[in-house]
**Q** 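If you scroll down you'll find the structure; I have some questions about it.
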Amino acid sequence: VIELRRLVVDDLDALAALERASQPQPWTDEALLVELVHEDAVVTGAFVGGALAAYVALRRLVDECWVLNIATHPQARRKGLAARLLDAAAARGKAWLSSSLWLEVREGNAGARALYERCGLAVVGRRPDYYPPLVDGAPREAAILMTKSL
Ligand SMILES: CC(C)(COP(=O)(O)OP(=O)(O)OC[C@H]1O[C@@H](n2cnc3c(N)ncnc32)[C@H](O)[C@@H]1OP(=O)(O)O)[C@@H](O)C(=O)NCCC(=O)NCCS
């Protein structure tokens, strides 16, 4: 069974462990805590067998809704968790009366881009040299800007 619920400060340790296991350049605990307590942010977790397996961090920005981060534990991928969380993010954005959902993704992150396209987001822009390289000495990487109407 998959359970989705909003994460709170008590979930910080589990969230930080998930982030470190899932991301090549994980957010710090401090950055995660900011999202857990920010009045215009909601962090939603997906639990499998009671364990936190994926999460999405969402921000309301005037009439837009931004996915700031999304990750699924490597052992829980391709089971639809991130897609479920993006659906929940879109529902939250509608509840906020946001007009659109937005995100940025590394140009080379083919898996995430496939997920977003499957969830109805379209590419609307490209920001060159946006992200630091994933490996030392490599060039910076472009961000692809994607959106969908809510
Ligand atoms: C990207 C990420 C969040 C996807 O999480 P997930 O829970 O495995 O995704 P889902 O199972 O919901 O995938 C739904 C659909 O998206 C597409 N998709 C997801 N991951 C994919 C991949 N690696 N390659 C190709 N398509 C992929 C597929 O169409 C998939 O459906 P299918 O499994 O039936 O083919 C996960 O790989 C991850 O945590 N990556 C590291 C962190 C990251 O890059 N986050 C995004 C930052 S912008």
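When a ligand or atom number is given, it counts from 1 through the structure's own listing order. Computed over heavy atoms, backbone and side chain alike; hydrogens, waters and symmetry mates excluded.
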**Q** Please identify which atoms of ligand 1 are closer than 4.0 Å to at least one heavy atom of Lys79.
**A** 11 (O)

**Q** Would you please determine whether Ser22 falls within less than 4.0 Å of ligand 1 on a heavy-atom basis?
**A** yes

**Q** Give a yes or no on whether the backbone of Glu107 and the side-chain of Arg113 come within a donor-acceptor separation of less than 3.5 Å.
**A** yes

**Q** Could you tell me whether atom 2 (C) of ligand 1 has at least one protein heavy atom nearer than 4.0 Å?
**A** no

**Q** Sub-3.5 Å donor-acceptor pair from the side chain of Ser98 to the main-chain atoms of Lys94, do we have one?
**A** no

**Q** Under a 4.0 Å threshold between the charged nitrogen and the carboxylate oxygen, would Asp29 count as salt-bridged to Arg20?
**A** yes

**Q** Quick one: does Thr44's side chain get under 4.5 Å of Leu7's, heavy atoms only?
**A** no

**Q** Tell me: protein heavy atom nearest atom 8 (O) of ligand 1, and distance?
**A** Arg78 N, 2.9 Å

**Q** What's the separation between atom CZ in Phe47 and atom CD1 in Ile2, rounded to the nearest 0.5 Å?
**A** 12.5 Å

**Q** Quick test: of every protein heavy atom, which one is nearest to atom 31 (O) of ligand 1, and how far off is it to 0.1 Å?
**A** Arg118 NH1, 2.5 Å

**Q** May I ask you to identify the nearest protein heavy atom to atom 39 (O) of ligand 1, giving residue, atom name and distance to one decimal place in Å?
**A** Thr72 N, 2.8 Å

**Q** Any ion pair linking Arg59 and Glu35 (charged N to carboxylate O, less than 4.0 Å)?
**A** yes

**Q** Any atom of ligand 1 sitting under 4.0 Å from a heavy atom of Tyr116?
**A** yes

**Q** Could you tell me whether Arg5 and Asp11 make a salt bridge, using a distance below 4.0 angstrom between a side-chain N and a carboxylate O?
**A** yes

**Q** Who's the nearest protein heavy-atom neighbour of atom 26 (N) of ligand 1, and how far?
**A** Ala114 CB, 3.4 Å

**Q** Starting from atom 11 (O) of ligand 1, which protein heavy atom do you reach first, and at what distance in Å?
**A** Gly80 N, 2.7 Å

**Q** Can you name the atoms of ligand 1, numbered from 1 with element, that are less than 4.0 Å from a heavy atom of Glu104?
**A** 48 (S)

**Q** Could you check atom 42 (C) of ligand 1 against the protein and tell me its nearest heavy-atom contact, residue, atom and distance included?
**A** Gln23 OE1, 3.2 Å

**Q** Taking atom CD of Gln25 as the centre, does the number of heavy atoms from other residues, nucleotides or ligands within less than 6.0 Å exceed 12?
**A** yes

**Q** Counting from 1, what ligand 1 atoms have a heavy atom of Ala82 closer than 4.0 Å?
**A** 3 (C), 4 (C), 5 (O), 6 (P), 7 (O), 9 (O), 12 (O)

**Q** Counting distance only, does the side-chain N/O of Arg77 pair as donor-acceptor with the main-chain N or O of Thr72 below 3.5 Å?
**A** yes

**Q** Which atoms of ligand 1 have any heavy atom of Ala71 under 4.0 Å away?
**A** 39 (O)

**Q** For atom 12 (O) of ligand 1, grab the closest protein heavy atom and report residue, atom and distance to one decimal in Å.
**A** Ala83 N, 2.8 Å

**Q** Check whether any side-chain N or O of Lys148 sits under 3.5 Å from a backbone N or O of Cys119 as a donor-acceptor pair, and report yes or no.
**A** yes

**Q** Among all protein non-hydrogen atoms, which one is nearest to atom 23 (N) of ligand 1, and what is the separation to 0.1 Å?
**A** Gly111 CA, 3.5 Å

